[in-house]
Number of protein chains: 4
Amino acid sequence: MSANNFFGLAEPVRFAGEGSHDPLAFRYYDPQRQVMGRTMEEQLRFAVCYWHSFTWPGGDPFGGATFNRPWMEPGDALQRAREKAEVAFDLFRLLDAPFFTFHDVDVAPEADTLQGSIDNLKSITDLFAQKMEGSKVRLLWGTANLFSHRRYMAGAATNPDPDVFAYACGQVKAAIDATHALKGENYVCWGGREGYETLLNTDMKRELDQLGRFLSMLVDYKHKIGFQGPILIEPKPKEPTKHQYDYDTATVFGFLQKYDLVDDVKLNLEQNHAILAGHSFDHEVKLAYASGLFGSLDINRGDDLLGWDTDQFAMNVSEMTLVFHEMLKHGGFTTGGLNFDAKIRRQSIDPQDLVIAHVASMDACARALLAAERMLADGALEKPLAERYAGWDSAENQAILKGERSLEQVAEHGRTLNPQPRSGGQERLEAVLNRYV
Amino acid sequence: MSANNFFGLAEPVRFAGEGSHDPLAFRYYDPQRQVMGRTMEEQLRFAVCYWHSFTWPGGDPFGGATFNRPWMEPGDALQRAREKAEVAFDLFRLLDAPFFTFHDVDVAPEADTLQGSIDNLKSITDLFAQKMEGSKVRLLWGTANLFSHRRYMAGAATNPDPDVFAYACGQVKAAIDATHALKGENYVCWGGREGYETLLNTDMKRELDQLGRFLSMLVDYKHKIGFQGPILIEPKPKEPTKHQYDYDTATVFGFLQKYDLVDDVKLNLEQNHAILAGHSFDHEVKLAYASGLFGSLDINRGDDLLGWDTDQFAMNVSEMTLVFHEMLKHGGFTTGGLNFDAKIRRQSIDPQDLVIAHVASMDACARALLAAERMLADGALEKPLAERYAGWDSAENQAILKGERSLEQVAEHGRTLNPQPRSGGQERLEAVLNRYV
Amino acid sequence: MSANNFFGLAEPVRFAGEGSHDPLAFRYYDPQRQVMGRTMEEQLRFAVCYWHSFTWPGGDPFGGATFNRPWMEPGDALQRAREKAEVAFDLFRLLDAPFFTFHDVDVAPEADTLQGSIDNLKSITDLFAQKMEGSKVRLLWGTANLFSHRRYMAGAATNPDPDVFAYACGQVKAAIDATHALKGENYVCWGGREGYETLLNTDMKRELDQLGRFLSMLVDYKHKIGFQGPILIEPKPKEPTKHQYDYDTATVFGFLQKYDLVDDVKLNLEQNHAILAGHSFDHEVKLAYASGLFGSLDINRGDDLLGWDTDQFAMNVSEMTLVFHEMLKHGGFTTGGLNFDAKIRRQSIDPQDLVIAHVASMDACARALLAAERMLADGALEKPLAERYAGWDSAENQAILKGERSLEQVAEHGRTLNPQPRSGGQERLEAVLNRYV
Amino acid sequence: MSANNFFGLAEPVRFAGEGSHDPLAFRYYDPQRQVMGRTMEEQLRFAVCYWHSFTWPGGDPFGGATFNRPWMEPGDALQRAREKAEVAFDLFRLLDAPFFTFHDVDVAPEADTLQGSIDNLKSITDLFAQKMEGSKVRLLWGTANLFSHRRYMAGAATNPDPDVFAYACGQVKAAIDATHALKGENYVCWGGREGYETLLNTDMKRELDQLGRFLSMLVDYKHKIGFQGPILIEPKPKEPTKHQYDYDTATVFGFLQKYDLVDDVKLNLEQNHAILAGHSFDHEVKLAYASGLFGSLDINRGDDLLGWDTDQFAMNVSEMTLVFHEMLKHGGFTTGGLNFDAKIRRQSIDPQDLVIAHVASMDACARALLAAERMLADGALEKPLAERYAGWDSAENQAILKGERSLEQVAEHGRTLNPQPRSGGQERLEAVLNRYV
C-alpha cells in the first residue's frame with residue numbers, strides 16, 4: 001500500500017441529492033446552499049483532524065495496530081511525516097474540507113530535545129503553509145500534545161515537578177507560534193492529564209493554581225503576539241485520568257471566573273465528553289452560550305452504554321439538530337467550527353472507510369442543520385418556550401429579577417397566591433422534534 | 001403500636017468499647033474522648049434528620065408504605081405532628097444526639113393556604129423550642145421543602161411561573177424565620193426541582209438568573225434578621241429532575257461567583273450526591289475546601305452500582321477517614337456537622353432498626369475520626385505530599401506561581417530541561433491508608 | 001374535572017399523512033396499510049397499559065401526586081375503579097387501540113383479605129368483558145402485582161417466608177384466571193421484588209429454587225386450564241431491588257434452562273430495562289430470537305444518562321427500526337405486541353397529554369416499521385451480513401460447526417494459514433441505516 | 001537499569017506482624033498460619049500474572065510506555081523474553097508466591113508464522129520448566145492471547161472468517177499443551193474479542209454457535225490429553241468490544257447449558273469485570289457457587305466511578321471478606337487460586353512499586369481471610385440467615401419445593417393467610433460486618 005493515491009479516489013466527493021445510494025456522495029451536504037444567510041460550508045465549517053485520521057494506528061488497550069498505514073512503517077521520521085501530510089491534504093481535497101486541526105506531535109516527530117521537536121514541527125508546518133497556498137483548506141485550530149509522553153504522566157501544567165511545567169511552556173509556545181503562523185483561527189488546550197489518578201498523592205488546590213497560572217501566561221502571550229482567536233478549553237471529565245480538572249462546562253466556568261480568564265478563554269465542546277460527564281450534548285452547548293463561553297465543537301459521538309471515549313463519527317441527526325438549533329439562534333459560529341474528533345473503528349481498515357465515515361457524518365450534520373433551520377423558521381420550539389415564561393414579562397416580575405424587591409416583599413405577595421401548575425407538554429414537544437428530523 | 005416508648009428503650013445508648021457485640025452500644029463513639037483538641041461530640045457534631053427517620057413511610061417507586069408508624073395514621077394532622085415530635089425527641093435522647101435537622105413540611109402539616117402552613121409550622125417549632133429547653137439537642141439547620149408539592153413540579157425559584165417563585169419566597173422566609181428562632185446554626189437550600197426534565201421546554205439561562213436572584217434575596221434577608229450562620233447549598237446532579245442546576249461542588253462554585261454569592265453561601269456535601277455526579281466524597285470535600293466553600297456534610301452512602309439516591313447509613317470507614325482527615329486538617333467543623341441524611345431500608349421495619357442504624361453509623365464515623373487523627377499525627381499522607389511538590393518551593397518557581405514570569409521566559413528555561421518522571425507511589429499510599437483503618 | 005369525556009375529544013385520532021402538524025393526528029400510522037403481508041395494525045399490535053396511564057398519580061420519590069385524576073379522589077373504591085375503566089376504554093376508543101394490558105391491582109382495589117381482592121378483581125373484569133363486547137379492543141396480557149404491597153417487600157416467590165409465597169400463588173392464580181376469562185393472549189410475570197437489597201441477608205440459591213418452583217407450578221396450571229399463550233418473563237436488572245433475578249435476556253435464558261422452562265416461558269422485553277442492564281434494545285431482541293425466547297415488547301424509552309426507569313414514550317425511530325427489522329425478519333409478532341409501558345412525565349398534567357403521547361409514539365413506531373420494511377426489501381443490512389460470513393458456507397467449515405472436526409484437526413489446518421483481517425465497514429453500515437430513517 | 005537484581009532486593013518479603021510499617025513486609029500474610037484446616041498459603045493460593053507485571057509497558061489510550069523495562073528494549077526478542085523470565089522468577093521468589101499465570105504471547109515473541117510462534121513458546125516454557133524445578137512456584141493456569149493481534153480484531157472463535165477460527169485453534173492447542181506440560185492446574189479462556197462492536201455487521205446467533213463449538217472442541221481435547229483441571233471462562237461484559245458474549249456469570253451459565261459444557265467448564269471471576277457488569281464481586285461469586293460453576297478468582301479492583309477496566313491491586317478488605325466467607329463456606333479453592341490480574345498504576349514506575357503493590361494486596365487478602373474465618377466461626381452471618389428462611393423447613397413447605405404441590409393447592413392455602421412482613425435487619429448486619437473487618 002502506498003501513500004500515493006492512498007484512497008484510490010481521483011475526484012472529490014460531490015453532492016448527489018437525497019436519492020443517492022453512493023456512500024461516496026453527499027445526500028444533504030450541498031456546500032453552496034444557503035442556510036440562514038450563509039452557505040452550508042460557512043455554517044458548518046467542517047475540520048478534519050490529524051490525530052485520529054492519520055496518526056492513530058488502530059490500537060486499543062487490548063490490541064495493537066490494525067491500520068498498517070504506509071507512513072507508519074519504520075523509516076526516516078520526518079520523511080514519514082511528509083508522506084502523512086500528502087495523504088492528509090489529499091483527504092482534505094477529496095472532502096473539499098474548509099478546515100483541519102492538529103496537535104504538534106501528530107504532524108511532526110518528537111526529537112530527543114525540546115528544541116529538536118520544535119525544529120521538526122517547524123519543518124512540517126512550513127510544508128503545510130506551502131500546501132495551503134494551493135488549497136482552500138485553512139487551519140481551524142492547533143494544539144500541543146501535553147499528555148502522551150511519559151514526562152507528562154502526572155500532568156503538564158499541574159505536574160508536581162516544576163520542570164515539567166516549564167517544558168510544557170516551551171512546547172505550548174511553539175504550538176501557538178505555529179498555529180499563528182498558519183493563521184489558525186483558535187488555539188485549543190485539552191488537559192489530558194491535568195487531573196489526578198488518586199487524591200492520596202494530589203494537592204488539588206496547588207494544581208488548580210498552577211493550571212490557572214499556566215493559562216494566564218498563555219493568554220498574555222496570545223495578546224502579545226497578536227493572536228486574534230480565542231484560547232479554547234476542551235472539557236472532559238475523566239480518561240485518561242480518574243478525574244480531569246476541566247470536567248465539564250460548568251466546572252470550567254467556575255475555574256475561569258476564579259482565575260479571571262472569562263474574557264479570553266472559551267470552550268471547545270464534544271458530544272462524547274458531554275455524555276461521559278453525565279450531560280447531553282445539547283446541555284453543554286446551551287450552558288456554554290448561557291455562560292458566554294461558546295467557542296467551537298468537536299463533532300463525534302460516544303456510546304451511551306460504554307464508559308470510555310469511543311469517538312465515533314456523529315450520525316445522530318436528532319441530537320445534532322438541537323445543537324445546531326441553539327447555534328443558529330445565536331447567529332452561528334464565529335471562530336469555531338465542527339471538528340471531526342472522530343475515529344473510524346479499528347476494524348474499518350480500508351482506506352476508503354476514512355472517506356466514507358467523513359461523508360456520512362458530514363451528511364448527518366447537514367441534514368441536522370436543515371432541520372434546525374426549519375424549526376427556527378417555524379418557531380417550532382421558540383414560540384412555546386416564550387409562552388411558558390411569559391408571566392415573567394410583567395413590570396412587577398421584572399422588578400424582582402432586577403433586584404428591586406426584597407424577600408419580604410415577594411414573600412408577602414406570595415402569601416396571597418395559590419399558584420396552579422401548568423403542563424410541561426414534554427411529549428407534545430418531542431413530537432414536534434420528530435416532525436422535523 | 002404506640003408512639004409512647006416507641007423504641008422500647010429506656011436508657012440512652014452507651015459507649016461500651018471495641019469488644020462489645022451489642023448493636024445498641026457504641027464501640028468507638030465515646031463522646032467525651034478528646035480528638036485533636038475537642039471532644040468527639042464536638043468534632044463530629046451528629047445531627048438526626050427528621051424526614052427519613054420520621055416522615056418517610058417506607059415507600060419507593062414500586063411500592064407503598066412499609067413502616068406503618070402510629071403517627072402516620074389518619075387523624076388530626078397537628079396532633080399527629082406532635083406525636084411525631086415526641087418520638088423524634090426520644091430518639092435524640094437515646095442517641096444523645098447534639099443536633100437535629102428538618103424541612104418545614106417534615107414537622108408540620110401543610111394547610112390550604114400558605115399562611116395556614118406557616119401557622120402550623122409555628123405551632124410545632126414552638127413545641128420544639130419548649131422541648132429543646134429540657135434537652136441538649138440543638139438545631140444544626142432548617143430548610144424548606146420546595147419540591148414535593150405539585151405546585152413545585154417545574155421548580156420553585158426556577159419555575160416558569162413567577163407566582164410559584166413568590167410562593168416559594170413566602171415559604172422560605174417562614175422556614176428561615178423558624179430556623180433563626182430555634183437558633184439554627186445554618187440554613188440549607190436543596191434545589192430538588194431547580195433543574196429540568198427536558199431542555200425542549202426550558203430556558204436555562206433565564207432559570208439560572210432566577211435562581212441567582214432568589215439566593216441573593218435570601219442572603220440579604222439573612223443579614224437583615226441577623227442570622228449568623230451560612231446559607232448552605234446542597235449539590236446534587238440529578239433525581240428527581242434529569243438535571244439539577246446545583247450539580248456538584250464545581251458547578252455551584254461557578255454559579256456563586258457569577259451571582260456574587262461566594263461570601264455568604266457555602267456547601268452541604270453528601271456522599272451519595274457526590275457519586276451520582278461521578279466524584280468521590282473525598283473529591284467533593286477537598287474541592288470545597290480548595291474553593292473556600294466547605295460548610296457541612298450529609299453523612300450517608302450510595303450504592304456504587306445503582307443510579308439513584310439510596311441514602312444508606314454510612315458504614316465505609318476508609319472513605320470517611322479520608323474526608324475527616326481533610327476536615328481535621330482544616331481545623332474541623334465550624335457551623336457544620338454530620339447530618340444523617342440516611343434512611344433505613346424499607347425492609348427495616350422494626351422501631352429499633354432506626355436506633356441500630358444510627359448507632360452503627362455513628363460508630364463507623366468515630367472509628368474513621370480516630371484513624372484520621374492518627375494519620376495526621378504521623379503525617380502519614382501529609383509528609384509524602386509535601387515532598388512530592390517540594391520542587392515548587394524554590395524562589396524561581398514561586399515567582400512563576402506569583403505571576404512574575406511570562407510564558408516566553410519559562411519556555412526559554414523549559415528548552416534547557418529534560419525532566420524525568422518520578423513514581424506516583426499510589427500503591428504504597430494505599431497500603432498506608434489500609435494500615436490506619 | 002369529570003371522568004365523563006375526560007379527554008374532551010369526541011372523535012378517534014385519524015391518519016392525516018406526513019404533512020400534518022396536528023398532534024392529535026397520525027402522520028405515519030395508517031392502520032390498514034399493508035406492511036409485509038399484514039396491516040400495520042396487525043404488525044404493531046399496540047396495547048395501552050393501565051398502570052402508568054390510569055393508576056399512577058404522578059408521584060416520584062421526591063414528590064406527590066400531580067395528576068389529580070377524578071377517579072383517584074376519595075370515595076367508594078369499586079365505584080372509582082369503574083369510573084377509571086370508563087376513561088380507559090374511552091382512550092382505547094380514541095386511539096383505536098387493538099389491545100390493552102393490566103395488573104390485578106391496577107383495575108380493582110385490594111381488600112382486607114385475598115378473597116376480597118379476588119372478588120373485586122372479578123367484579124371489574126366482568127365489567128371489562130362487557131365493555132369489550134362493544135369494542136375492538138382485546139387483552140394482550142394480564143399480570144399480578146406482587147411487589148407494591150408491604151407483604152411483598154422481601155419478594156413474592158423468593159420471599160424467606162413461605163406464607164408470602166402461598167399468598168402470591170393465590171393472587172397469581174386469580175390473575176391468570178381473569179386473563180384467561182378475558183381471552184388474554186399472554187400472561188406476564190415481572191419479578192419486581194424477586195431479587196435482593198443486600199446479600200448479607202439473602203440465600204440466593206434458595207431463592208432461585210423457589211422462583212423456579214413457582215414458575216413451574218404456573219406453567220402446569222396454564223396447561224391445565226388450557227391457556228394457550230405463553231408465560232412471559234420481563235427481564236429487569238435492578239430497581240426497585242438492588243439486583244433482580246431476571247436481570248436480562250441472557251440471565252433468564254440460563255434460569256429457564258436450569259428449571260426446564262424453555263418451552264413454556266418466553267420474554268417480554270423493554271427498552272428501558274435493556275439499557276439499565278447495559279444492553280441496547282436491539283441486542284436484547286436479537287438475543288431473545290437467537291435463544292428461542294422472543295415473546296413481546298414493552299415499548300418505551302429510558303434516558304441514557306439516568307440510572308433509573310424513566311419509562312418515557314418511545315420516540316427514537318432509528319432504535320426501533322433495528323428492532324422491527326429483526327422482528328419482521330422472523331415473521332412478526334405471534335402472540336406478542338407493542339405494549340406502551342410508558343408514562344407521560346409528571347408535569348404533563350393535561351388529559352390530552354396522555355392522548356398526544358400515545359399518538360406521537362405510535363407514529364414513531366409506524367415510521368420505524370416502514371423503514372424496516374424498506375431495509376428488508378432492499379437487503380440493505382442482510383446482504384452485507386451474509387457476505388461477511390460467507391466463508392463459513394464451505395463444506396469443510398460446515399463440518400467444523402457440525403462437530404465433525406477435532407481441535408487437533410483444525411489446529412493442524414490453522415498452522416498453514418495467515419489470515420488477513422477484512423474491514424468491518426461499520427461507518428458504511430451506519431450510513432445505510434441513516435439513509436432509511 | 002538492568003534486569004539483574006532488577007528489584008534491588010535480596011531477601012524475600014517476610015511476615016513482620018500487624019505493627020510493622022515496612023511496605024516490604026507482610027502484616028497479616030503469615031503463610032504457614034492455619035486457617036480452617038489449611039495454611040494461609042494453601043487457602044489463598046496467590047498467583048503472580050505475567051502480562052500486567054512484566055509485559056505491559058505502562059501505556060494507555062492517551063499515552064505511551066512509562067516503565068522502560070530493560071527487557072522491553074530493542075534486541076533479540078527471544079533473548080529479551082529470557083531476561084524477562086529471570087525478573088519474573090525473581091519476583092516469584094521475593095514474594096514467595098506459590099503460583100504464576102501467563103498468556104502465550106506474554107512470555108514468548110510472536111513469529112511470522114504460527115509454527116514459529118509455537119516454537120518460541122516452547123523455547124520459553126522449557127526454560128520455565130527448568131526454573132520451576134529450583135523453585136516452589138507452580139503454574140495456576142495458562143492461556144492464549146486471542147485478542148491483541150490484528151487478525152483477531154473481529155474475534156477468534158467468533159470471527160466471520162473461518163480461517164481465523166482455525167488459526168485460533170492452532171494457537172489454543174499449543175497453549176494448553178504448554179500449560180499441561182508445566183502441570184498447570186487450570187486452563188483459562190478470556191474472550192477478549194468474542195463479542196461485537198456493532199450489531200449492524202454481526203450475526204449473534206452464528207457467532208454464539210461458533211463459540212460453543214470452539215469450547216466443545218477444547219473440552220474434548222483436554223480429555224484426550226488427560227488434562228485434569230477445568231477449562232475456566234472469564235466473564236467480562238465489555239471492553240475491548242462493545243459487548244462480550246461472556247458478559248457475566250449468569251450469561252455464561254446460560255451459554256454453557258445450551259452447549260452442554262456445564263460439567264467441564266467453570267468460571268474465573270474478577271472484581272473489576274463484576275462491577276463493569278453491574279454486579280458486586282460477592283454476587284458473582286455467590287451466583288457461581290449457586291450454579292456449580294465456581295473455579296478461580298482474578299483478584300483486583302476496579303474504580304466504581306470509571307467505566308473501564310482499571311485492574312488496580314485489590315485493597316478493599318470488607319469486599320474480599322465477603323468473597324472469602326463464601327469460599328471458605330464451600331471448603332476453599334480446589335484447583336483455583338487468587339491471581340493478581342492487577343497492574344500497578346502507570347505512574348508507579350519504580351521497580352519496587354511492583355513488589356510493594358503485591359505485598360499490600362496479599363496483606364489485604366490475608367486480613368480478609370482472617371475476618372472471614374472469624375465470621376464463620378461465630379456464625380455471625382450464617383445464623384441470622386438460617387433463621388430468616390426457617391419457615392421453609394416445615395414438611396409442608398418442603399413439599400412445595402419438591403414439586404409435590406400444585407398452584408391450586410398452594411393458592412387455596414394462600415387464601416387463608418395474611419402474612420406479615422419481618423424486618424430484613426440490613427443495618428444490623430452491616431454493623432456485624434464492620435465488627436469483623
Side-chain angles (χ1 to χ4, degrees), chain A residues 51 56-68 74 105 110 145-155 159-160 190 192-193 196-198 200-202 236-244 275-276 278 302-312 315 343-349, chain D residues 51 56-68 74 105 110 145-155 159-160 190 192-193 196-198 200-202 236-244 275-276 278 302-312 315 343-349:
Chain A
W51 53 100
W56 177 55
D60 71 13
F62 295 85
T66 57
F67 294 150
N68 293 359
V105 307
E110 289 193 84
N145 176 324
L146 305 179
F147 48 88
S148 291
H149 193 279
R150 71 194 286 269
R151 82 174 65 83
Y152 294 125
M153 72 181 199
N159 203 291
W190 175 56
R193 301 214 192 257
Y196 59 79
E197 285 302 324
T198 174
L200 293 177
N201 68 12
T202 302
K236 188 178 182 188
K238 56 191 99 176
E239 200 205 19
T241 69
K242 172 178 171 53
H243 175 90
Q244 318 234 155
I275 65 173
L276 286 172
D303 186 309
D304 293 311
L305 298 171
L306 299 180
W308 65 90
D309 214 7
T310 64
D311 280 345
Q312 294 169 259
M315 305 283 183
K343 58 188 186 197
I344 46 174
R345 303 300 83 199
R346 75 189 286 271
Q347 295 186 40
S348 298
I349 57 177
Chain D
W51 53 101
W56 177 55
D60 71 13
F62 295 85
T66 57
F67 293 150
N68 293 0
V105 307
E110 289 194 80
N145 177 325
L146 305 179
F147 48 89
S148 291
H149 193 280
R150 70 194 286 270
R151 83 175 62 83
Y152 294 126
M153 71 180 199
N159 203 291
W190 176 56
R193 300 211 193 259
Y196 59 80
E197 285 302 325
T198 176
L200 293 177
N201 69 12
T202 302
K236 188 177 181 188
K238 56 190 100 177
E239 200 206 18
T241 68
K242 173 176 170 56
H243 175 90
Q244 319 233 154
I275 65 173
L276 285 172
D303 187 308
D304 293 310
L305 298 171
L306 299 180
W308 65 91
D309 214 7
T310 64
D311 281 345
Q312 294 170 258
M315 304 285 181
K343 59 187 184 196
I344 47 174
R345 301 300 83 198
R346 76 190 283 272
Q347 294 187 41
S348 298
I349 58 177

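Labels below follow one simple rule: chain letters A, B, ... track the order of the sequence lines, proteins then strands, and each chain is numbered from 1.
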Flag the one option from A:H149, A:E239, A:R345 with the top tally of heavy-atom pairs under 4.5 Å to chain D.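 Ranked by heavy-atom pairs under 4.5 Å with chain D, first place is A:E239.
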Only pairs of heavy atoms separated by less than 4.5 Å count here; which of A:P237, A:G64, A:S148 has the most with chain D?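 Max contact count across the listed options: A:S148.
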Please look at [X] and chain A and tell me whether the side chain, the backbone, both or neither of the residue comes under 4.5 angstrom of a heavy atom of that chain.
{"X": "D:P61", "result": "side chain"}
{"X": "D:D309", "result": "side chain"}
{"X": "D:W51", "result": "neither"}
{"X": "D:T241", "result": "backbone"}
{"X": "D:L305", "result": "both"}
{"X": "D:R151", "result": "neither"}

Compare every heavy atom of [Y] with every heavy atom of [X], then report the nearest pair and how far apart it is.
{"X": "A:M153", "Y": "D:Q347", "answer": "O-NE2, 3.1 Å"}
{"X": "D:K242", "Y": "A:L306", "answer": "O-CD2, 3.8 Å"}
{"X": "D:F62", "Y": "A:F147", "answer": "O-CD1, 3.3 Å"}

Does the side chain of D:D60 reach to within under 4.5 Å of the side chain of A:R193, using non-hydrogen atoms?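 Answer yes - side chains close enough.
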Look at A:K238 together with D:D303 and state whether they make a salt bridge at an N to O cut-off of under 4.0 Å.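 Between D:D303 and A:K238 there is no salt bridge, as every charged N stays at least 4.0 Å from the carboxylate O atoms.
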